[in-house]
Amino acid sequence: MSPMKSMKKKIVKKVVIKKAAVKKSINRTTTQSIGRLGTQRPKTFYITTPIYYVNDIPHIGHAYTTVAADVLARYWRTQLGADNVHFLTGTDEHGVKVQQSAERSGVDPQRFCDEKAAKFQEAWDTLDISNNDFIRTTEDRHKKQVVWAWEKLRGATTPKGKPCLYEDEYSGLYCVGCEAYKTETELLNGLCPDHKKEPIHLQEKNWFFRLSDYTEILRDYIENNIFEISPDSKRSEVLGLINQGLKDIAVSRHNVRWGIPVPFDQTQTTYVWIDALMNYVSALGGRTGAEYLKFWPANVHLMAKDILKFHAAIWPAMLIALEIPLPKKVFAHGFFTIDGQKMSKSLGNVVNPDDMVKLYGSDASRYLLLSQFGFGTDGDISLARFQDIYSSHLANSLGNLVFRTISMTEKYFGGAVPAPSSDRPQSFDLATDWSRYDFHVRNLQFDEVLRVIWDDVRACNEYIDQQKPWELSKNEGMTDTLAHVMYHLLETIRHIALMLLPFMPHTSEKILTQLGFDVSKYLQKPMEELRVWGGLKEGQSLLKGEVLFPRLETR
Ligand code: MSP
């Protein structure tokens, strides 16, 4: 039984959801280091995820990065307009690993890739991922660019004036799981530490890329933040690696059938990482494509730390050789384990996004993934905590706040927004703390952003408990105070809904609809206008709707 299905069984048994108060753990300030570009406003925004290997099925590790990228894309659309944001994801379909998986399932590799790539597309649909494009490395538009890159590299010279490419004999180790060359020192008891498998010994003639000649230029670009690596801890790791001196790498493979042929050497196909990295440019139509001209250089390449080395050393060196500007930033988030263990097929603890969405819904799944731990750090995901967080943060705190505020407005004011008095209670300053919100989103501190929002949710719930509208309603002389209290609650909920938009788009829209807005028109307005306090107008009719987060046992 899948981990999610067994979780569902447990939930069904648990009839009463604990009325857990919002945890005091909500910590309002942050001392985390900020990205150097964190507060700047670009003209366009291009964000990418890694392209995922099709030998695997989509799991919540892939979903974690993709949801985070989606939040950023949705956020920047509210800032720059939808046309000025480009969000790319896709699948990595060549190489030995995919070839072997296809062989094992007895399917032609292209058909195998078609089926698996569709699984990723479906997974992203269920999670409401708003990618503008989905690139597959077996598409012609991509192959064409890889061929272009080979031809260009063939005539290129390094910063030290030597040819970028040369032929040599590779003799060493290769981990098929990583699709990467390994040195003895990278192994643990002779095994690849990630795949727990012995690498194969390779001896073959290949094309090499003279990466060693890029050591100094890359160090310079990274140290001067021309090419930004974030968070800082990862930047230091990369600089440490570069300071040891980069080694030349084999960029073609002999006898690997499932790859893009090297145009000038039919005995070789493109090393899968060189093929894969090019996706970020080929999806834009290559160096002359209209999308390239509009969106390149990428603002953020997002990934986990496992593949940072490829993006922070090989990719920028390749780009310099190809005379393509470097991406502005590479951000490597942490890796998570599930209930303390690495997610793996053999342990049977792989959680797929579909099961999670069936259980919690898409918006809640997005929240559960991003609220667990700091985005740049490693962490653990506890499936049991998912239920508690769903109940306490979503159903009890946010869901209940919206439900009771709207119900009380119906009861006391016939469902129309009451008039506020001019002085505004101090407790609502939180809701307009958009600068704190912007700061954390732009620095990819998603758990912090969610804390900013939940501070508001908690403040509203506490305000209701202090003001006791049900008591004010019994006293005719207090009608103005009651109107004032209800207005401020409703207006803060409007701000909360706007803040939630990139994270939980359906919930955000449902709340705005309940506040009486015609969402499709309302969200067309510029965000700066929507963020102004007082946007909720007196007399607007509320529209009580469905419960935002149904009890788990009824889902
Ligand atoms: N195909 C390469 C990437 C090429 S990009 C030019 C690849 N694919 S992968 O399918 O293995 O995906 C790795 C990525 O999946 C990680 O960098 C991360 O974005 C995501 N994650 C997979 N498992 C994860 C966790 N357990 N925790 C966090 N992120 C995870 O590498």
Side-chain angles (χ1 to χ4, degrees), residues 3 47-70 72 88-98 101 113 116-117 119-120 123-124 127 129 134-138 142 145-146 149 175-180 192 194-195 234 259 270-283 298 300-316 318-319 327 330-345 347 349-353 369-370 372-383 444 446:
I47 176 153
T48 67
T49 71
I51 48 171
Y52 304 109
Y53 286 126
V54 285
N55 66 303
D56 211 348
I57 49 157
H59 57 61
I60 59 168
H62 307 125
Y64 184 67
T65 317
T66 313
V67 168
D70 187 60
L72 271 183
L88 176 71
T89 187
T91 39
D92 192 350
E93 307 191 356
H94 288 125
V96 193
K97 185 153 83 166
V98 172
S101 299
C113 292
K116 298 293 181 147
K119 296 268 179 249
F120 278 91
W124 303 154
L127 276 166
I129 301 300
F134 188 99
I135 181 98
R136 300 182 50 196
T137 53
T138 52
H142 174 72
Q145 295 305 326
V146 173
C175 170
V176 174
C178 299
E179 288 281 17
C192 161
D194 287 337
H195 296 92
K234 298 289 182 301
T270 312
Y271 168 43
V272 64
W273 265 101
I274 300 298
D275 169 346
L277 288 163
M278 272 306 286
N279 90 87
Y280 302 128
V281 169
S282 58
V300 188
H301 286 318
L302 193 60
M303 71 207 65
K305 59 178 190 176
D306 56 336
I307 56 173
L308 175 62
K309 199 170 75 182
F310 298 96
H311 287 81
I314 300 176
W315 180 227
M318 256 173 84
L319 288 171
V330 167
F331 190 104
H333 61 71
F335 227 71
F336 63 78
T337 46
I338 301 264
D339 295 321
Q341 287 182 305
K342 195 179 165 189
M343 219 183 335
S344 86
K345 281 184 212 153
L347 287 173
N349 64 351
V350 178
V351 177
N352 70 56
L369 286 174
L370 289 187
Q372 297 275 313
F373 51 85
F375 192 63
T377 57
D378 288 347
D380 185 53
I381 284 193
S382 139
L383 296 183
L444 291 86
F446 301 114

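For ligands, and for the atoms within them, numbers begin at 1 and follow the listed sequence. The figures that follow rest on heavy atoms only: side chains count, while hydrogens, waters and symmetry mates do not. The first residue in the sequence is number 1, and the count goes up from there.
- Among all protein heavy atoms, the one lying closest to atom 19 (O) of ligand 1 is Thr65 OG1, 2.6 Å.
- A donor-acceptor pair shorter than 3.5 Å cannot be found between the side chains of Tyr53 and Ser101.
- The shortest non-hydrogen separation linking Pro353 to Ala63 is CG-CB, 4.1 Å.
- The contact set between ligand 1 and Ala276, taken as ligand atoms under 4.0 Å from a residue heavy atom, comprises 6 (C).
- Ala304 approaches Phe335 most closely through the heavy-atom pair CB-CD1, 3.6 Å.
- The closest approach between Gly334 and ligand 1 falls below 4.0 Å for a heavy atom of the residue.
- Within the 4.0 Å heavy-atom shell around ligand 1 one does not find Glu179.
- Distance check, rounded to the nearest 0.5 Å: CG of Asp380 to CZ of Phe373 gives 8.0 Å.
- Some N or O of Ala304 is nearer than 3.5 Å to an N or O of ligand 1, by distance alone.
- Nearest non-hydrogen protein atom to atom 30 (C) of ligand 1 is Gly61 O, 3.4 Å.
- Distances below 4.0 Å separate heavy atoms of Asp92 from the following atoms of ligand 1: 1 (N), 2 (C), 4 (C).
- When each atom of ligand 1 is checked for a heavy atom of Trp273 under 4.0 Å away, the hits are 2 (C), 3 (C), 4 (C), 5 (S), 6 (C).
- Counting only non-hydrogen atoms, the option in Leu369, Asp306, Asp194 that gets closest to atom 16 (C) of ligand 1 is Asp306.
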Given the rule in the salt bridge (charged side-chain N to carboxylate O under 4.0 Å, His left out) test, do Arg136 and Glu93 qualify, once you have shown the distances and angles that lead to the verdict? CA-CA 7 Å; Arg136 300 182 50 196; Glu93 307 191 356; 2.6 Å; yes

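- Each of Val272, Asp275, Thr270 was compared with Thr137 under the side-chain contact (heavy atoms from CB on, under 4.5 Å) criterion, and only Asp275 meets it.
- To the nearest 0.5 angstrom, Met318 atom CE is 6.0 Å from Leu277 atom CG.
- Aromatic ring centres of Phe375 and Tyr64 lie closer together than 6.0 Å.
- Selection from Tyr53, Tyr280, Tyr52, Phe336 by nearest heavy atom to atom 14 (C) of ligand 1 gives Tyr52.
- Using 4.0 Å as the threshold, His333 has a heavy atom nearer than that to some atom of ligand 1.
- Nearest to atom 2 (C) of ligand 1 by heavy-atom distance, out of Thr49, Ile307, Ile381, Ile51, is Ile51.
- No side-chain donor-acceptor contact under 3.5 Å links Lys305 to the backbone of Gly334.
- If you look at Phe446 and His333, their ring centroids are not closer than 6.0 Å.
- Residue His62 approaches ligand 1 through these ligand atoms, each under 4.0 Å from one of its heavy atoms: 10 (O), 15 (O).
- Within the 4.0 Å heavy-atom shell around ligand 1 one does not find Phe310.
- No part of Lys305 comes within 4.0 Å of ligand 1, judged by heavy-atom distances.
- Under a 4.0 Å criterion applied to the non-hydrogen atoms of His59, ligand 1 contributes the atoms 22 (C), 23 (N).
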